[in-house]
Structure formats: C-alpha cells, structure tokens
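Working notes, beginning with the structure itself.
What you are looking at is a predicted structure, and each value in this text was computed from that prediction instead of being measured. Computed from heavy atoms alone, side chains included, the values below leave out hydrogens, waters and symmetry copies.
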Amino acid sequence: MKEKDVHYVCSQCGRIETKWLGRCPDCGSWNTFEEEAVKSSSDGKRAVISTATKPISLKDVEVDPLFRYETGISELDRVLGGGVMRGSSILLGGEPGIGKSTLMLQVLEKCSVGRSVLYVSGEESPSQVKLRAERLELTLSKIDIFCDTRVEVLEKLLASAKPDVVVIDSLQTLSSEEIPSPAGSVNQIRACSTLLVGLCKQLGISLFLIGHVTKEGVLAGPKVIEHLVDTVVYFEQVGSGVRLIRAAKNRFGSVDEIGIFSMHEKGLTPVPNPSSFFITDRSGTTLPPGIAYTAVIEGSRTFLVEIQALTTAAKNGYSRIYSDRIDAGRVTRVAAILERHASVRLGEQDIYVNVAGGMKISEVSIELPLALALWSALSGKSLPKALISFGELSLAGEVRSVGFVEKREKAAKELGFKRSLLPRSGVNSPLVEHPCSTIRQALDICSSL
C-alpha cells in the first residue's frame, strides 16, 4: 500500500493526521494514532431516509405518549432515566463475561411483549445464542436473530423490517464494504456507528450497542462514539455474583443513578433491597476496630455502606496507602487532617482502606466516617455499633455539613441504627444526634459513647 493511501487516526478522539504522531494535539493522548487505509471516493451517494421535507415549528412537533417505555427490568430502567426512548441509542460496555449479552437477551424478551425485537450477533452463532436463551428460560419465539454484521445489509434489513428494539453484539464486529479496514478499526467503528445511530433515530428504533472495554476500563474505540450515542452505560463487577450498572452519559436522565443485579444461573436479577446490600451482618454487641458506617446518596437512592480501615507499622520506614474503593488521594488528605488537628500519628503506618461489598464511593460525606475508621484502627477502640456518621472534612480540621441529612438518617433508622454523628443537628430526627464542629470533637464524642 502506498504511503499516500494511508493516514493515521487517533483512537481516542478521531483526529486524522497524514503522519504518525506520538501525542495527539487534540486530546493529548500518547501512542493512540493507528494506521488506517484512506476511504476511496464513491461516485454514488448513500440514500438518506428523511422524516420531513421542510423545517417545522418546535411547537407543532407531536410527541407520542409511548415515546418512552419500560424495559421490564427495574434496575436498568432506573439507570436509563425511567425507560428506553424510541429512536435512542445506548452503548453498553463492560469486561468480557460480565453479563452484557445475558442482560440484553433478557431486555429483548421483556420488550418483545407488544413489540418486535432483533438481536444481531457478530460474535456467536444462532445455536450458541439459543442455548443461552434456553438456559435463561426465555420465550424464544418472540426474539428474532440475525448474524450478519455488514452495515450495508443491516441498513436494508432495518429499513424494511423496522423492529422496535435492536441489539448489536458487538460494536467491534461491525464492518462496511466501503471502508478498506478490518472490523474493529477506528474507521470502521466510527463509520458504522454513525450510520446505524442516524438510521435508528430516523426510523424510531431503540438501538443497544454492546462495546468492549480496554484494560484501563474504558470503552474501546474512538471517543467520538460516546458523543454519538444518547446514553453510555457501564457494567461493573463488585463481588462474586454482584453487578453494578451506572450511566456515564445520559441525555434522558440522571447519571447519578446506579442499578444493582445479582447473577444467577437463570440470568441477572435486580436486588430487591439495595439499602442494606453493602452492610455486613455481624452478631454481637461490639464492632471490630477500624469499622465505621455511613450513608451515601446515589441518585434517588440511599445506601448504607461499611468503611473498613487497617493500620500496620510501615516497613523500611516508608508508609504506603492501599485503597481501591476510595480514592487514595482522599485517604491521604484525611490522614493528614487527623495527624495535624487530632494528634493521630499515621505517618509511620501503612494504611489499608476498603468498602464492604466492593462498591466504589466518591461522595464527600464519607470523609468523617473514614477518619473515624482510621482512628479506630490505630487506637484499637471500636466505634459504637449503632452509630452512623457523615460529614466533609476541611483542611482546617472542621466538619462541614452535607446534603440530604433527613434522608440518610431515615435509611439508617430503618436498618436499626440509633445514633448519628454529624456536623449539624436536623429537625425531627429519628436518631439521637451528636453534633460536632471539628474532627477532634468528633473523636472525643466517639470515645465517650
């Protein structure tokens, strides 16, 4: 191939250069330029399906009352903002084997009641898909399957059949005959996705695209794909048989909602009571040292989580922090606040921090319970078992208030908590509140309880 017949495309942002560059000038990513064949010019023009011949007033646009419909899977509907929009495109990413195809088959089976659905498989044969559907005990007669991922063939099929819901498994298997590049390349993914998203939007087809993820945990392919679709959803595994689903982008709802599923032989099942899902069931009247409870808000839900801390003498004089579920930088900051304003000597300790159940949390309200867990682990003193705490720590050692106090305390009350340690007292609290203004005062209150 001649040099003039190729160009270089950034796999992150899609920038095109005639020569290979080590760093992309647009997105700043390193070593992301890939060689691609230049698309040959075509004399003919692709026909575009148009829904209107001239502009109309936005006031005159008619909205179908069934423009949004539920998938029948409550946790997924919550993450999508209440259901699936007609003509919307949803990109679902996750690690191999996490359950993406399983979830999509369950979605199609639920949506097939009163609607036509199509499963496009580019990675498995019809026999393999049927075996999985039979294991899940799904109604096979209502799910159509198609195993050709050439975008020209799909375009004709969708334009003629016009199904209500389409699942493409997966995005990396799509290819176009007009692009001289293998399936999964930057050019192929970008061109095929652009065509299918535009076509489904014009025809009112709800499109689900299953995407692969890289070893860094981000969706493989050019970043422009995430801008094309309406919703980007990630599947995460937080424990044995437990899956979290959250939206990184959502044009039709909040990105703060999360869905929790449990994986069984019969597929994914929504967790009925997620409020206490991340709490360890312990017998006895006292907690082990290093354990603190808090309540976090994710979208419209309140979750009670258990923060665990462990401190050991640093080896070779170098202290380290090991924390996956809470940002290590936050743990470092909280440890510095404890050392400076509460005389808790953590400088010569290795610090281990974990969240029970494997949930990643980033809310500022976890800083006070994190500080209490570190103090408890170092001192060997257990916190009261029925105590819940939440608050933000300032660098001056102050405990600052957070939102949704009543909501957090109500959830704690339902799970048997009796006391709360917080920056400021609320009105008509269901718990016995212990207000504190500084981290030293908070530690004194815990010592006296």
Check: Quick check: does any side chain N or O of K162 sit under 3.5 Å from a backbone N or O of I205, one acting as donor and the other as acceptor?
Finding: no
Note to self: Between R150 and S175, is the side chain to side chain contact (heavy atoms under 4.5 Å, CB included) condition met? List the steps.
What the structure shows: CA-CA 5 Å; R150 291 174 295 174; S175 63; 4.2 Å; yes
Next item on the list: Mark yes when over 12 heavy atoms from residues, nucleotides or ligands other than K266 sit less than 6.0 Å from its NZ; otherwise mark no.
Entry: yes
Margin query: Any non-hydrogen side-chain atom of V9 less than 4.5 Å from a side-chain atom of R190?
Written below: yes
Item checked: Student check: side-chain heavy atoms of P270 and F261 closer than 4.5 Å -> yes
Margin query: Exactly one of V229, V84, D169, V233 should register a side chain to side chain contact (heavy atoms under 4.5 Å, CB included) with F208. Which one does?
Written below: V84
Checklist line | Test salt bridge (charged side-chain N to carboxylate O under 4.0 Å, His left out) applied to R325 and E236, step by step | finding: CA-CA 13 Å; R325 304 304 175 182; E236 304 172 9; over 6 Å; no
Checklist line | Partner of L174 by side chain to side chain contact (heavy atoms under 4.5 Å, CB included), out of I168, L195, I189, V120 | finding: I168
Next item on the list: Looking only at non-hydrogen atoms, find the nearest pair between P25 and E17 and report the distance.
Entry: CG-OE2, 4.3 Å
Notebook entry, point to check: With side chains defined as the heavy atoms from C-beta onward, is the minimum distance between K410 and E414 less than 4.5 Å?
Noted result: yes
Margin query: Quick one, V153 and F146 - any side-chain contact, counting heavy atoms below 4.5 Å?
Written below: yes
Check: Are any side-chain N or O atoms of Q188 and backbone N or O atoms of A183, one a donor and one an acceptor, separated by less than 3.5 Å?
Finding: no
Notebook entry, point to check: How would you list, by chain and number, every residue that makes a ring pair (Phe, Tyr, Trp, His ring centres under 6.0 Å) with F235, sequence neighbours excluded?
Noted result: none
Check: Can you name the nearest heavy-atom pair linking G391 to V399, along with the distance?
Finding: CA-CG1, 4.4 Å
Next item on the list: I would like to know whether S176 and E152 meet side chain to side chain donor-acceptor pair (under 3.5 Å); could you show each step before the answer?
Entry: CA-CA 7 Å; S176 173; E152 289 82 9; 2.7 Å; yes
Item checked: D26 atom CG: more than 12 heavy-atom contacts under 6.0 Å -> yes
Check: Under 3.5 Å, is there a donor-acceptor pair between the side chain of S116 and the main chain of D164?
Finding: yes
Checklist line | pair V129-I143: side-chain heavy atoms closer than 4.5 Å | finding: no
Next item on the list: Please report the shortest heavy-atom distance between G99 and L268, naming the atom on each side.
Entry: O-CD1, 3.7 Å
Notebook entry, point to check: Can you check side chain to side chain contact (heavy atoms under 4.5 Å, CB included) on D324 and N354, steps first, answer last?
Noted result: CA-CA 7 Å; D324 293 331; N354 186 41; over 6 Å; no
Margin query: What's the separation between atom CG in L118 and atom CG in L158, rounded to the nearest 0.5 Å?
Written below: 7.0 Å
Margin query: Determine whether R320 and D350 satisfy the following criterion, side chain to side chain contact (heavy atoms under 4.5 Å, CB included), listing intermediate values before the conclusion.
Written below: CA-CA 5 Å; R320 298 180 181 180; D350 284 340; 3.8 Å; yes
Notebook entry, point to check: Considering residues, nucleotides and ligands other than R251, do more than 12 of their heavy atoms fall under 6.0 Å from its CZ?
Noted result: yes
Note to self: With a 6.0 Å cut-off (strictly less than), is the heavy-atom count around NZ of K413, excluding the residue itself, greater than 12?
What the structure shows: no
Check: Is the number of heavy atoms from other residues, nucleotides or ligands under 6.0 Å of E134 CD greater than 12?
Finding: yes
Checklist line | Smallest separation among heavy atoms of A159 and L203, with atom names | finding: CA-CD1, 3.9 Å
Check: Do you know which two heavy atoms are closest between A191 and I179, and how far apart they sit?
Finding: CB-CD1, 3.1 Å
Item checked: Pairing residues for L378 by the side-chain contact (heavy atoms from CB on, under 4.5 Å) criterion, not counting sequence neighbours -> T311, V344, L346, Q349
Next item on the list: Step through the shown structure and confirm whether more than 12 heavy atoms of other residues, nucleotides or ligands are within 6.0 Å of CD on E363.
Entry: yes
Margin query: Quick check for you: to the nearest 0.5 Å, what is the distance between R243 atom CZ and I245 atom CD1?
Written below: 12.0 Å
Next item on the list: Using salt bridge (charged side-chain N to carboxylate O under 4.0 Å, His left out) as the criterion, point out the one residue from R68, K249, R86, K201 that pairs with D230.
Entry: K201
Item checked: Distance (rounded to the nearest 0.5 Å) between C200 SG and E155 CD -> 10.5 Å
Next item on the list: Ignoring hydrogens and angles, tell me if any N or O in the side chain of N250 forms a donor-acceptor pair with the backbone of T231 under 3.5 Å.
Entry: no
Notebook entry, point to check: To the nearest 0.5 Å, what is the distance between CG (L171) and OG1 (T173)?
Noted result: 7.5 Å
Check: Crowded around K407 NZ? As in, over 12 foreign heavy atoms under 6.0 Å?
Finding: yes
Check: Under 3.5 Å, is there a donor-acceptor pair between the side chain of R408 and the main chain of A295?
Finding: yes
Margin query: Just so I know, are the side chains of F390 and L422 near enough to count as touching, which here means a heavy-atom distance under 4.5 Å?
Written below: yes
Notebook entry, point to check: Is any side-chain heavy atom of I210 less than 4.5 Å from a side-chain heavy atom of V167?
Noted result: yes
Margin query: Check whether S206 reaches the backbone of S88 with its side chain - one donor and one acceptor, N or O, closer than 3.5 Å.
Written below: no
Check: Checking side chain to side chain contact (heavy atoms under 4.5 Å, CB included) against E109, which of L138, L136, L140, I73 comes through?
Finding: L138
Notebook entry, point to check: Is a salt bridge present between E124 and R132, judged by a nitrogen-to-oxygen distance below 4.0 Å?
Noted result: yes
Note to self: Quick check on F404: does its CZ atom have over 12 non-hydrogen neighbours (other residues, nucleotides or ligands) under 6.0 Å away?
What the structure shows: no
Next item on the list: Give, for atom CD of E123 and atom CD of Q172, the distance between the pair rounded to the nearest 0.5 Å.
Entry: 8.0 Å
Note to self: Show, in sequence, the C-alpha distance, side-chain angles and deciding distance for I366 and R330, and conclude whether the side chain to side chain contact (heavy atoms under 4.5 Å, CB included) test is met.
What the structure shows: CA-CA 10 Å; I366 66 171; R330 176 169 303 207; 3.8 Å; yes
Notebook entry, point to check: What are the two closest heavy atoms between R301 and I258, and how far apart are they?
Noted result: NH1-O, 3.3 Å
Note to self: Would you say that Y8 contacts L21 through its side chain, given a criterion of any heavy-atom pair below 4.5 Å between the two side chains?
What the structure shows: no
Item checked: Reported CD-to-CD distance for the pair E257 and E75, which is rounded to 0.5 angstrom -> 9.5 Å
Item checked: Main-chain N/O of F33 paired with W20 side-chain donor or acceptor, under 3.5 Å -> yes
Next item on the list: State whether E367 and R333 are salt-bridged, where the test is any N-O pair (Lys NZ or Arg NE/NH1/NH2 against Asp/Glu carboxylate O) under 4.0 Å.
Entry: yes
